[in-house]
J.: 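Handing you this structure, nothing more for now.
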2 protein chains.
Amino acid sequence: MRRGRSERTTLMDVANRAGVSAITVSRVLREPEKVSPNLRQRILDIIDDMGYVPDQAARALASRHNSTFGVLVPSLTNRAFLGFMQGVEERVRDSTFRIQYANTHNSVEEEKRQVRLLMSQNTAGIVLGGLEGLDEISDLIRRANCTVIQVVDVGIETAGAAIAVDHAAAAEAATRHLLACGYRSIALLGGTPDERGRRRTEGYARVLQEAGLYDPDLIHHENATTTTQMGCRLLRRALKVRPGIDAAFCQNDDLALGVLFEAQRLGKSVPDEFGICGYNDLDFSAVMNPPLTTVRTPLFEMGYRAGDLLIRSAEGNAIERQTIKLGFELIERRTTRKREG
Amino acid sequence: MRRGRSERTTLMDVANRAGVSAITVSRVLREPEKVSPNLRQRILDIIDDMGYVPDQAARALASRHNSTFGVLVPSLTNRAFLGFMQGVEERVRDSTFRIQYANTHNSVEEEKRQVRLLMSQNTAGIVLGGLEGLDEISDLIRRANCTVIQVVDVGIETAGAAIAVDHAAAAEAATRHLLACGYRSIALLGGTPDERGRRRTEGYARVLQEAGLYDPDLIHHENATTTTQMGCRLLRRALKVRPGIDAAFCQNDDLALGVLFEAQRLGKSVPDEFGICGYNDLDFSAVMNPPLTTVRTPLFEMGYRAGDLLIRSAEGNAIERQTIKLGFELIERRTTRKREG
DNA sequence: CTGTTAGCGCGTTCAA
DNA sequence: TTGAACGCGCTAACAG
């Protein structure tokens, strides 16, 4: 039995054994209907017997295309991106395309490296889930020989097609809701402030400024991906700086979960004494005690639409520079009081 | 300006512009010290200016190797795998290798397809995070022309190197702990029962059988990835079938979180009336109210070690058929009573 | 339905 | 330090 780094079986090996030419074996694999049934079956048996696996590098080189999509996400630990990835998968799953993910760790440099790597592989299409270094990367995108779908915020100039959500407006809606519930000192808690986060912060600040309630000392970030433990820490920190805060708008539901736990531990009753609003409507949010008021972003759909654009483009449809704008929804549950009036 | 699917810039284009031969440009990229500084810089400038990106397919075909590792996980939604993936990343991050992930959706067929795809690309190494269809896949592994690291349970025959954890023993420890706390009717709650899950179930069943407390109607699964909402549903189902259950051993902490929420809603006090033990010690487990008793598995380290094996192997070290066995730890927190006696 | 010829873009090998 | 010739494994285009 062969083992380890043995020489690879090639198309030619199979062809020799079958007594046909290489192209016939190639056809059996790609256009089986063009080969007579008998011969086809005989070759398939030989392929199976020899354990032949086509070399994608050679295939990609010869045909000048590749049947995998690259999906770049800035973080693997942020559950928001998981919802997004599931959407892409769902759409791509029963096509002939495969997906490969890569993690850019919120780094523009890494993102550029990964985009280059994907381009180097003649990837059929790329989804860019991040939102950093847009200027630096748009040059790369323009030069790409494949479709690139960007997931961005509204109002951002993109080099190609894009899926956009208005994060600033979503944050405004959440902040307005907290005000409408009668909360007056609303903290903003978040992790590494990426572009999306900055836009949410803007929306939050705008509403509080209008209401004359803005205070920069209400804003707290840690430089890492959001976690539930971080939520606990941020609430303590916020309370230390401004003991009078009566609500928190969290940049992600996992933070909100931690805030709830910590508030309970501090003896603050939610929502009466302290209001919490999350972001993204993750799995656990609906079943917490009390259930979490949050902003639902169409994570899955964003992924699905991105996958759809990729596939349609790969099938030869021009998708050009369209930007698909998707909405959000404020889900009022029980971590905020009933609205006044 | 060039845009869209323009012809790709090749090594030859760069060489022509520089007035040198292709191989010199190739050397600038791979063995810069072998090209005179002046020429090197001039070529680098041209490469930059033309936006040349080497074609990995051609490179892989010519050199017969590739500098990316493939990491296959059965699920993206299971946070346990995220910890694992982070471990791999951490080890691989500042090497010259890149990582590409693929999701096998707990499907043996998909796993085989992905392994074939990776092999087709002459991937430098593969990590197999799943644990399904081992027999069917070991043939593929043996034929692989790259190192394959499997993440498995102890006692499983693997074709190559492996990282193993004794899931049955971990489940035994958890179940024994619940018994020691005085719980007598212990439900087992889980998602899609993969091989790991089956082994945990075995460990759980063994301990309860010894104690004369085993009852198949205590075991509940849903055929999907575990979620917090699933935890709520499973607890209700378990209580409907056996109203007298006084504890739950959950196959994953997110289930345990849901079980806690649901128990609170049902007015059951945790840990006095109802005990909960989780699995994996996820981020939120330490800060829940009350904090979760759980089994900590070395997810990050498993990934780190897998990445390490891959790199050492790619650097030419023989890593052969070793199996690295890693331990687990029962973390006693407050969702279980103090042990009796 | 099957085969022949040519070449994808690069790295290896050997020579200058 | 640089280059020429060749081939990696496969597919496109055209023949038969």
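Nothing here was measured: the structure is a model prediction, and the numbers come from that model. Order of the sequence lines fixes the chain letters, A, B, ..., with proteins taken first and strands second; residue numbering starts at 1 for each chain.
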J.: Are B/Gln86 and B/Glu90 close enough that a side-chain donor and a side-chain acceptor fall under 3.5 Å?
T.: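 No, no side-chain donor-acceptor contact under 3.5 Å.
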J.: Could you state the CG-P distance from A/Leu61 to D/dT11, rounded to the nearest angstrom?
T.: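 That distance rounds to 11 Å.
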J.: Any idea which heavy atoms bring B/Leu61 and A/Ala57 closest together, and the distance?
T.: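 Here B/Leu61 and A/Ala57 meet closest at N-CB, 4.1 Å.
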J.: Given C/dG11, C/dT2, D/dT11, which nucleotide is nearest the side-chain atoms of A/Leu11?
T.: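 Given the options C/dG11, C/dT2, D/dT11, the side chain of A/Leu11 is closest to D/dT11.
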J.: For B/Lys34 and D/dT1, give me the distance from atom NZ to atom C1', rounded to whole Å.
T.: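 It is 10 Å, rounded to the nearest whole Å.
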J.: Nearest-Å distance, CZ (A/Arg59) to P (D/dC8)?
T.: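 It is 18 Å, rounded to the nearest whole Å.
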J.: Look at B/Thr24 and D/dG3 and indicate whether a side-chain polar atom (N or O) is within less than 4.0 Å of OP1 or OP2.
T.: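 It does, given that an N or O in the side chain of B/Thr24 lies less than 4.0 Å from OP1 or OP2 of D/dG3.
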J.: I want to check one thing: is the phosphate of C/dC1, taken as OP1 and OP2, less than 4.0 Å away from some side-chain N or O of A/Ser36?
T.: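 So the side chain of A/Ser36 is outside the cut-off, no N or O lying under 4.0 Å from OP1 or OP2 of C/dC1.
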J.: If you only use heavy atoms from C-beta on, which nucleotide in C/dT2, D/dG3, D/dT2 is closest to the side chain of B/Val35?
T.: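 For the B/Val35 side chain, the nearest candidate turns out to be D/dT2.
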J.: If you pin A/Leu29 and B/Ile23 to their nearest nucleotides in DNA chain D, which one's is more 5'?
T.: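 It is B/Ile23, whose closest nucleotide lies nearer the 5' terminus.
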J.: If you take all heavy atoms of B/Ala18 and B/Arg42, which pair is closest and at what distance?
T.: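 So the two residues come closest at O-NH2, 3.2 Å.
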J.: Which nucleotide sits closest to the side chain of A/Leu39: C/dT2, D/dG9, C/dG9?
T.: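 Among the listed nucleotides, the one closest to the side chain of A/Leu39 is C/dT2.
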J.: Write down the distance between CE (A/Met12) and P (D/dT11), rounded to a whole number of angstrom.
T.: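 Interatomic distance, CE of A/Met12 to P of D/dT11: 14 Å.
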J.: Mind calculating the distance between CG (A/Asp55) and C1' (D/dT11) to the nearest angstrom?
T.: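 After rounding, the gap between these two atoms is 13 Å.
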J.: Determine whether any donor atom in the side chain of B/Arg27 lies under 3.5 Å from an acceptor atom in the base of C/dG11, or the reverse, and answer yes or no.
T.: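 Absent.
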J.: Side-chain N or O of A/Ser63 versus OP1/OP2 of D/dT11: is the shortest distance under 4.0 Å?
T.: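 It does not, given that no N or O in the side chain of A/Ser63 lies less than 4.0 Å from OP1 or OP2 of D/dT11.
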J.: CG of A/Asn16 to OG1 of A/Thr10: how many Å apart, nearest 0.5 Å?
T.: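 One finds 7.5 Å between CG of A/Asn16 and OG1 of A/Thr10.
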J.: Check the distance between D/dA12's C1' and A/Arg30's CZ and give it to me in whole angstrom.
T.: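 These atoms are roughly 9 Å apart.
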J.: To check you understand the geometry: which heavy-atom pair defines the closest contact between A/Thr104 and A/Glu111, and what is its length?
T.: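 Nearest pair, atom of A/Thr104 first, then A/Glu111: CG2-CA, 3.7 Å.
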J.: Taking the side chain of A/Ala62 as heavy atoms from C-beta outward, which of C/dG7, C/dT2, D/dT1 is closest to it?
T.: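 Nucleotide nearest to A/Ala62's side chain: C/dG7.
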J.: Take atom CD of B/Glu31 and atom P of D/dG3, then tell me their distance rounded to the nearest Å.
T.: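 The distance from CD of B/Glu31 to P of D/dG3 comes to 15 Å, rounded to the nearest Å.
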J.: How many whole angstroms separate atom CD of A/Gln56 from atom C1' of D/dC8?
T.: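 Nearest whole value for this atom pair: 15 Å.
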